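One is the number of the first residue; the rest follow in order along the sequence. Predicted, not measured: the structure shown is a model, and the values here were computed from it.
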Amino acid sequence: MTYASAMPGLRWPALPGPRGLMRLALLQQLGESQWWPPERIRARQLEQLDALVAHARAHLPFYAERLAHLPPQLDEAHWQALPILERETVQAEAARLRCDAYPREHGARQALYTSGSTGTPVATEQTELCQLFWEAFTLRDHYWHGRDFSGKLAALRHFPAGTLAQGGGRGPNWGKATEALVVTGPVTMLDVSATTAEQLAWLAREDPDYLLVHPTVLRELLDAWAQGARRPASLRQVRTISEALPEGLRALCREVLGVPMTDLYSTREAGYLALQCPEHEHYHVQSENARVEILDEAGRPCGPGEVGRVVVTPLHNFAFPLLRYAIGDYAEVGDACPCGRGLPVIKRILGRQRNMLTYPDGRRVWPILHYRALSRLHPVRQMRMTQHSLERIEVELVTPVRPDAGKEAELAAFIQEKLGHPFQLQFSYPERIERSPGGKFEDFVSRVH
């Protein structure tokens, strides 16, 4: 690895500029704190929360009443008594959550917008300090997973309108996390709105070492490569973002490409929440960036093996404090990791409540859609199911050949068997199923409330 130097005439050892040095300082601390025992990590979190709560209570009337009962020094009991901040409240009270009196040393503020894939778009803000932490955790992810900075990175994801030229874009460095700090190979970029054929041709032409991609896009590419499409020969690792992982995607990636796949968990409004462990497929909560709670229906912390909703508190956003914010996701708590890191473990990220299947008897589950098995019955390029009522599910299939009545009945029987109930299935065959404005794709959506 070669560091970039900002000092004229100094090539080695390199001396990065001020922002690069701040990233290095954070990275050095992250390298130590990951090995702390859980008790020490929680204690330092509470210290940071003391500062954030005091700031919110002093400068935002919205929080003054909510936080009035909290002592100057927090403990777990007082913290867990704080009301949950729902997405709808953030949406309605954005003006009252915005704080003008944040420390100016935290830098300029910028607006953040979620994609609205949850059904409730949210607008928040963050400071340059929050961006600095984002860059530091990006570097941690690179180091954890042993990426060679000299390689070429291909980013196949959503880019804001006007960011890229028609057909994609290029850059000399992997992005803000490495810019002016580490000398990297080039980055090549393509928006996720490109067709699968365009994506395949682009990847074959660029032949990257690393691929950053949405899981549902990767699944379509893997299906095409499995059927004989030209594969990028130099690919060493795939990194997935933005969506919950479909069942079996890691195994499929290894089977088709022979390379590992790593996943991460982040949100626009809260930053990095969890990174995949370097030694296992579960995730480590990024406790230095956010307090992440997984709570049951009664609001109690879940234990290992239990599933609950994810509630987060970004630790460093003084311009738009989000205290115990329910982001709309559900996750499963994991056991302590054998790797020795004291960072809490998330075993699985299950997705949103709106992505849960509801049975007529009231049971709710996240459905496993068995794409590969379905594709053995009939070629399927994209699929989305929408549950409109307790008994009726719309099934959209993008397929090169529309099935006849007999094949459709076979597909229906397969889906009903895998879902475990004889739902009324209504099939449609669009040419393409569009993604959300943020580039995400939901393969199961429930309209049942």
Side-chain angles (χ1 to χ4, degrees), residues 21-55 70-80 82 106 129-147 177 262-267 270-295 300-306 308 310-318 322-325 331-349:
L21 291 175
M22 285 192 286
R23 274 177 261 161
L24 281 178
L26 286 174
L27 193 62
Q28 191 268 340
Q29 293 178 73
L30 296 178
E32 296 176 3
S33 59
Q34 65 181 323
W35 303 111
W36 290 353
E39 298 77 15
R40 185 178 181 188
I41 292 173
R42 287 194 294 268
R44 296 309 302 269
Q45 269 197 341
L46 287 174
E47 287 182 33
Q48 181 59 35
L49 287 169
D50 285 339
L52 183 63
V53 165
H55 169 80
L70 294 181
Q73 290 187 319
L74 294 174
D75 57 30
E76 293 290 346
H78 282 99
W79 179 255
Q80 291 174 17
L82 184 65
H106 291 198
L129 177 65
C130 300
Q131 176 62 36
L132 178 66
F133 275 93
W134 180 282
E135 295 163 10
F137 286 100
T138 300
L139 288 171
R140 171 186 261 181
D141 187 60
H142 289 328
Y143 280 106
W144 273 13
H145 296 289
R147 299 183 187 116
T262 67
D263 189 43
L264 63 85
Y265 183 31
S266 68
T267 71
Y272 279 96
L273 300 182
L275 298 175
Q276 184 176 319
C277 177
E279 301 172 32
H280 304 276
E281 292 185 351
H282 55 231
Y283 305 79
H284 282 291
V285 172
Q286 300 303 283
S287 298
E288 304 94 338
N289 182 65
R291 185 174 180 88
V292 177
E293 303 172 75
I294 300 177
L295 307 177
R300 296 183 296 261
C302 292
E306 295 180 336
V310 180
V311 172
V312 305
T313 303
L315 297 177
H316 312 109
N317 191 349
F318 285 63
L322 295 170
L323 306 182
R324 302 201 85 201
Y325 169 52
E332 179 183 342
V333 176
D335 291 304
C337 186
C339 75
R341 290 174 175 83
L343 300 169
V345 171
I346 295 177
K347 183 176 181 180
R348 292 183 300 155
I349 299 151

Run through Asp141, Thr138, Thr267 and flag the one making a side chain to side chain donor-acceptor pair (under 3.5 Å) with Tyr272. Thr138
Heavy-atom closest contact (Pro344 atom, Ser287 atom, distance): CD-OG, 3.2 Å
Quick check: does any side chain N or O of His145 sit under 3.5 Å from a backbone N or O of Gln276, one acting as donor and the other as acceptor? yes
Roughly how far, to the nearest 0.5 Å, is CG of Leu30 from CZ of Arg23? 13.5 Å
Inspect the surroundings of CD in Gln73 and state if more than 12 heavy atoms from other residues, nucleotides or ligands are less than 6.0 Å away. no
Just do the salt bridge (charged side-chain N to carboxylate O under 4.0 Å, His left out) check on Glu76 and Arg291 with the steps written out, would you? CA-CA 12 Å; Glu76 293 290 346; Arg291 185 174 180 88; 2.5 Å; yes
Please confirm whether the backbone N or O of Val311 pairs with a side-chain atom of Arg324, one donor and one acceptor, at under 3.5 Å? no
Arg140 and Gln286: CA distance, side-chain angles, deciding distance, side chain to side chain donor-acceptor pair (under 3.5 Å) verdict: CA-CA 10 Å; Arg140 171 186 261 181; Gln286 300 303 283; 2.7 Å; yes
Between Pro304 and Asp335, the two heavy atoms sitting closest are CB-OD1, 3.1 Å
Is any side-chain heavy atom of Leu27 closer than 4.5 Å to one of Tyr143? yes
Tyr283 and Leu275: side-chain contact (heavy atoms from CB on, under 4.5 Å), yes or no, with the steps? CA-CA 5 Å; Tyr283 305 79; Leu275 298 175; over 6 Å; no
Reported CG-to-CG distance for the pair Leu49 and Leu323, which is rounded to 0.5 angstrom: 8.0 Å
Between the CG atom in Leu26 and the CG atom in Leu132, the distance rounded to the nearest 0.5 Å is 5.0 Å
Rounded distance [0.5 Å steps], CG in Leu139 versus CH2 in Trp134: 13.0 Å
Going through the checks in order, is the side-chain contact (heavy atoms from CB on, under 4.5 Å) test met by Leu343 and Ile41? CA-CA 8 Å; Leu343 300 169; Ile41 292 173; 3.9 Å; yes
Looking only at the side chains, is there a donor atom on one of Trp79 and Glu293 sitting less than 3.5 Å from an acceptor on the other? yes
Glu288-Ser33 side chain donor-acceptor pair, cut-off 3.5 Å: yes
I'd like to know if the side chain of Arg348 and the backbone of Ala331 have a donor-acceptor N/O pair within less than 3.5 Å. no
NZ/NE/NH1/NH2 to OD/OE distance under 4.0 Å, Arg40 and Glu47: no
Between Leu322 and Thr313, is there a side-chain heavy-atom distance shorter than 4.5 Å? no
If we ignore hydrogens and angles and just use 3.5 Å, is the side chain of Gln34 paired with the main-chain N or O of Gly31 as donor and acceptor? yes
So do Gln48 and Arg44 actually touch side chain to side chain, heavy atoms under 4.5 Å? no
Distance from Leu21 atom CG to Gln28 atom CD, nearest 0.5 Å? 12.5 Å
Quick one: pull up SG in Cys277 and CH2 in Trp144 and give me the separation to the nearest 0.5 Å. 6.5 Å
With a 4.5 Å limit on heavy-atom distance, are the side chains of Val285 and Leu273 in contact? no
Has Asn289 got a side-chain atom pairing as donor or acceptor with Leu315's backbone, closer than 3.5 angstrom? no
Using modelled atom types only, decide if a donor and an acceptor are shared between the side chain of His282 and the backbone of Val345 within a distance under 3.5 Å. no
For Gln80 and Arg300, does a side-chain donor sit closer than 3.5 Å to a side-chain acceptor? no
For the residue pair Arg341 and His284, confirm or rule out a side-chain donor-acceptor distance under 3.5 Å. no
